[in-house]
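This is the structure I want to talk about, given as structure tokens.
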Amino acid sequence: MSTSPTDLGTPRTAQGQQGLGAAAARGALMMLTGQGMRVLLQFASLVALARLLSPQDYGLVAAVFVVIGIGEIFRDFGLSSAAIRSPKLTRAQSTNLFWINSAIGLALGVGLFSLATPLAELFGQVEIVGIARAMSIIFLFNGITTQFRALLVRALRFRWLATVDVLAPAIALGVALTAALLGAGYWSLVFQHVTQSLVLLTGAALGARVIPGLPRRNVSMHSFLVFGANTVMTQLVNYAANRLDTAVIGFAHGATQLGLYNRAQQLVVAPASQVQAPATSVALPVLTRLQNDPARFDAFLIRGQLAFGYPIALTMACVAAAAEPIIQIMLGDQWLAAVPLLQLLALAVIARNLAFVGSWVYMVRGLSGDLLRFTAATAIAPVAGVLIGAHWGMIGVATGVALAPWTTWPISLWWLSRVTPVPVRALFGGALRISLVAFLVFGAASAVAHLLPPLPALGSLVVHAGTIAVTLGLLCIVPVLRADARVFRDIAVLLIRRRTRRSNARAADSDSSTSATLR
């Protein structure tokens with residue numbers, strides 16, 4: 001990676017500001033393609049391992065991940081986002097950030113190893129002792145990885161990131177399948193997670209091509225740490241509010257029920273989260289460079305909401321409508337109890353993503369304190385939903401989880417508009433159109449499936465897909481929705497033209513080299 005002493009990780013490119021649109025589009029395509037492949041691998045993992053392992057196995061590992069998820073927030077400490085959004089990042093600052101994240105990762109790993117026995121007693125599962133101790137190494141791996149990935153994002157090296165993000169789960173899945181076939185049980189999942197973290201570390205370190213030096217005391221880290229502290233508090237509140245469901249089900253209903261709930265989450269929540277990460281990786285460096293151009297900043301934000309929101313909302317609407325055949329095909333009939341969970345969680349994901357672009361604005365403009373205050377103020381909704389719903393078991397919990405984000409997303413855009421200039425009317429309109437289209441698609445597919453006689457799982461999926469395609473085609477008659485569709489067409493055209501120019505340039509270079517050789 002090309003670096004300089006004063007601005008580490010920023011790409012040296014002749015494109016300048018005018019090339020950011022193309023760079024963002026290419027980056028989005030690379031990262032989303034990579035994440036799409038990663039989601040496919042995750043589904044392959046679900047299909048294969050769900051037939052080799054039991055809900056109990058998944059529940060045991062999920063119980064440990066409740067703790068790992070909290071620890072991962074502290075491990076990052078918001079410093080990856082702080083490094084990415086910083087207008088300038090010196091080598092000394094990057095080195096100090098590397099050692100801070102690595103030290104936090106080591107401390108958290110030692111902490112999880114030491115607390116393995118109390119954690120097992122808390123959940124009433126002795127197997128958790130070995131699982132927690134084995135998975136404690138993940139904290140150290142991820143801590144070391146953090147700043148390597150931040151440098152790759154700053155340099156807009158999305159192709160490398162996408163490649164690593166696909167190779168890691170692919171290799172990890174191979175390890176897990178081998179272990180499961182050999183009868184390793186829940187240890188297969190442990191091996192999978194540890195292997196994935198190790199491969200991600202190796203890939204990020206090789207791609208960054210930077211060897212950190214020793215930490216330096218004479219380098220100011222105040223702005224990074226303040227931003228990180230606010231960010232980590234925001235993430236903690238978010239995590240507590242949005243993962244309370246897992247803890248409640250695990251404590252109150254045991255590992256088997258938690259395993260069912262966890263598989264439903266893995267089918268919808270996890271893939272959506274994996275799309276959020278690359279979208280944010282593309283958006284943050286681009287928006288950082290557009291801060292002094294309000295018109296282009298707002299335009300990128302509006303298009304980003306549509307480009308990010310529609311695919312997730314439509315996918316989740318399809319999953320909710322076809323939940324039963326999806327469960328039958330991917331997990332098997334023994335997992336059919338997860339069907340209503342899958343439907344409710346899919347509807348929750350739609351709402352959570354309606355105002356997701358607002359988080360980009362908070363981070364780019366350094367408004368981590370305002371984001372923390374908003375998150376704390378609205379955390380009552382998911383907490384109340386889970387605690388009230390817990391009286392009706394895991395279905396009640398899932399219902400509370402589904403309803404909460406539908407009450408908070410309008411507040412999120414209004415709150416953001418109070419602290420910084422944003423095109424709030426356009427963002428509200430975009431979110432409303434996304435949700436309306438998603439519910440029309442869900443309603444049409446559900447209605448047609450209800451009117452038809454029972455079909456085999458594959459046939460039912462075909463009917464759902466056909467109904468959704470027809471519904472989307474009819475909706476494109478509406479002018480404003482047709483305009484939204486043009487956003488995707490314009491992005492595709494931009495990518496095709498850019499790729500064509502690059503191919504032509506390579507061909508011209510090749511011809512020039514050949515001519516020179518002949519001469």
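Here the structure is a predicted model, which means the values were calculated and not measured. This chain uses plain numbering: 1 for the first residue, then up along the sequence.
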**Item:** Residue pairs, two or more places apart or on separate chains, that pass side chain to side chain donor-acceptor pair (under 3.5 Å) and touch residues 376-392
**Value:**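 Residue pairs with at least one partner in residues 376-392: there are none.
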**Prompt:** So how far is it from L200 CG to D165 CG, rounded to the nearest 0.5 Å?
**Reply:**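 Output value for this atom pair is 6.0 Å.
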**Asked** W160: what forms a ring-ring contact (aromatic ring centres under 6.0 Å, His included) with it, not counting sequence neighbours?
**Response**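 Once residues adjacent in sequence are excluded, W160 has no partner under the ring-ring contact (aromatic ring centres under 6.0 Å, His included) criterion.
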**Item:** Those residues that, when tested against L347, pass side chain to side chain contact (heavy atoms under 4.5 Å, CB included) (two or more places apart)
**Value:**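 Once residues adjacent in sequence are excluded, the partners of L347 under the side chain to side chain contact (heavy atoms under 4.5 Å, CB included) criterion are A320, I350, F439.
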**Message:** So F356 and W409, do their side chains get closer than 4.5 Å, heavy atoms only?
**Reply:**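 Sidechains of F356 and W409: no contact.
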**Asked** Is any side-chain heavy atom of I326 less than 4.5 Å from a side-chain heavy atom of V319?
**Response**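 Touching, per the 4.5 Å side-chain cut-off.
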**Message:** Restricting to side chain to side chain contact (heavy atoms under 4.5 Å, CB included), what partner residues turn up for I137, sequence neighbours left out?
**Reply:**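 I137: side chain to side chain contact (heavy atoms under 4.5 Å, CB included) contacts with L140, F141, V194.
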**Message:** Minimum heavy-atom separation for P311 and L306, please, with both atom names.
**Reply:**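 The pair with the smallest heavy-atom distance is CD-O, 3.9 Å.
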**Prompt:** Between L189 and M135, is a side-chain contact (heavy atoms from CB on, under 4.5 Å) present by the stated rule, with each step listed?
**Reply:** CA-CA 10 Å; L189 301 174; M135 296 182 73; over 6 Å; no
**Item:** From R133 atom CZ to I128 atom CD1, the distance as rounded to the nearest 0.5 Å
**Value:**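 Answer for the CZ-CD1 pair, R133 versus I128, is 13.0 Å.
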**Item:** Partners meeting side chain to side chain contact (heavy atoms under 4.5 Å, CB included) with V199 (sequence neighbours left out)
**Value:**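 Result, side chain to side chain contact (heavy atoms under 4.5 Å, CB included) vs V199: A168, I171, T195.
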**ring pair (Phe, Tyr, Trp, His ring centres under 6.0 Å) pairs, two or more places apart, involving residues 163-191** =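 Of all non-adjacent pairs touching residues 163-191, none passes ring pair (Phe, Tyr, Trp, His ring centres under 6.0 Å).
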**Prompt:** Between L472 and L314, does a side-chain contact (heavy atoms from CB on, under 4.5 Å) hold up when you go through it step by step?
**Reply:** CA-CA 10 Å; L472 289 175; L314 292 175; 3.9 Å; yes
**Request:** Check whether more than 12 heavy atoms from other residues, nucleotides or ligands sit under 6.0 Å from atom CD1 of I380, and answer yes or no.
**Result:**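 Atom CD1 in I380 is not packed in, count stays at 12 or less.
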**N/O donor-acceptor pair under 3.5 Å between Q196 side chain and A172 backbone** =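 Flag not set: sc Q196 to bb A172 has no pair under 3.5 Å.
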**Request:** Give the C-alpha distance, both sets of side-chain angles, the deciding distance and a yes or no for side-chain contact (heavy atoms from CB on, under 4.5 Å) between V175 and Q192.
**Result:** CA-CA 6 Å; V175 172; Q192 181 181 28; over 6 Å; no
**Approximate separation, where rounding is to 0.5 Å, of L427 CG and L416 CG** =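 It comes to 8.0 Å.
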**Asked** Looking only at heavy atoms, which two atoms of W406 and L354 are closest? And how far apart?
**Response**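 Reported closest heavy-atom pair: CZ3-CD1, 3.9 Å.
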**Asked** Parallel, tilted or perpendicular: which describes the rings of W360 and F300, with under 30° parallel and over 60° perpendicular?
**Response**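 W360 vs F300 ring planes: tilted.
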**Prompt:** Would I395 and L341 count as a side-chain contact (heavy atoms from CB on, under 4.5 Å) if you check the C-alpha gap in whole Å, the side-chain angles of each, and the deciding distance to 0.1 Å?
**Reply:** CA-CA 6 Å; I395 301 297; L341 301 175; 3.7 Å; yes
**Item:** Closest contact, heavy atoms only, M316 versus V349
**Value:**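 Reported closest heavy-atom pair: CG-CG1, 3.6 Å.
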**Request:** List the atom of A204, the atom of V164, and the distance in Å for their closest heavy-atom pair.
**Result:**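 Answer, listing the atom of A204 first, then V164: N-CG1, 4.4 Å.
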**Message:** I'd like to check I312 versus R352 (side-chain heavy atoms, cut-off strictly below 4.5 Å). Are they in contact?
**Reply:**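 No; the side chains remain at least 4.5 Å from each other.
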**Prompt:** What are the two closest heavy atoms between A134 and V190, and how far apart are they?
**Reply:**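 Heavy atoms of A134 and V190 come nearest at CB-CG1, 3.8 Å.
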**Request:** State the CG-CD distance between L119 and Q125, to the nearest 0.5 angstrom.
**Result:**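 Output value for this atom pair is 11.0 Å.
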Please list every donor-acceptor pair under 3.5 Å in which a side-chain atom of residues 440-465 meets a protein atom from a residue at least two apart or in another chain.
| from | atom 1 | to | atom 2 | distance (Å) |
| --- | --- | --- | --- | --- |
| S446 | OG | F442 | O | 2.9 |
| S460 | OG | H464 | ND1 | 3.4 |
| H464 | ND1 | S460 | O | 2.7 |
| H464 | NE2 | A321 | O | 3.1 |

**Request:** Scan residues 178-202 for pairs that pass salt bridge (charged side-chain N to carboxylate O under 4.0 Å, His left out), counting only residues two or more places apart or in two chains.
**Result:**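 Applying salt bridge (charged side-chain N to carboxylate O under 4.0 Å, His left out) to every pair that reaches into residues 178-202, excluding sequence neighbours, yields nothing.
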**Message:** Could you work out, with side-chain hydrogen bond (donor to acceptor under 3.5 Å, both in side chains) as the rule, every residue matching Q343, not counting sequence neighbours?
**Reply:**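 In terms of side-chain hydrogen bond (donor to acceptor under 3.5 Å, both in side chains), with neighbours along the sequence ignored, Q343 is linked to no residue.
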**Request:** Measure the OG1-CD1 distance between T315 and I468 for me, rounded to the nearest 0.5 Å.
**Result:**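 The distance works out to 9.5 Å.
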**Item:** Taking every non-hydrogen atom, the tightest pair across A404 and T407
**Value:**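 What the structure gives for the nearest pair is O-OG1, 2.6 Å.
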**Request:** Evaluate the side-chain proximity of D57 to V61: yes if any heavy-atom separation is below 4.5 Å, no if none is.
**Result:**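 Heavy-atom side-chain distance check fails, nothing below 4.5 Å.
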**L177 side chain reached by L52 side chain, heavy atoms, under 4.5 Å** =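 Side chain of L52 against side chain of L177, heavy atoms only: contact under 4.5 Å found.
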**Request:** Compare all side-chain heavy atoms of L287 with those of M363 and state whether any distance is below 4.5 angstrom.
**Result:**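 A side-chain contact is absent here, since even the closest heavy-atom pair is not under 4.5 Å.
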**Message:** Once rounded to the nearest 0.5 Å, what's the spacing between atom CD of Q305 and atom CD1 of I434?
**Reply:**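 Output value for this atom pair is 5.0 Å.
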Got a list of side-chain donor-acceptor pairs under 3.5 Å for residues 476-485, not counting sequence neighbours?
| from | atom 1 | to | atom 2 | distance (Å) |
| --- | --- | --- | --- | --- |
| R482 | NH1 | C476 | O | 3.2 |
| R482 | NH1 | I477 | O | 2.8 |
| D484 | OD1 | R433 | NH2 | 3.1 |
| D484 | OD2 | Y310 | OH | 2.6 |
| D484 | OD2 | R433 | NE | 2.7 |

**Item:** Set of residues satisfying side-chain hydrogen bond (donor to acceptor under 3.5 Å, both in side chains) with respect to S136, sequence neighbours excluded
**Value:**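 Checked S136 against side-chain hydrogen bond (donor to acceptor under 3.5 Å, both in side chains); zero matches.
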**Request:** Can you sort out the partners of A426 under side chain to side chain contact (heavy atoms under 4.5 Å, CB included), two or more places apart, ordered by chain and number?
**Result:**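 Checked A426 against side chain to side chain contact (heavy atoms under 4.5 Å, CB included); matches are I302, P423.
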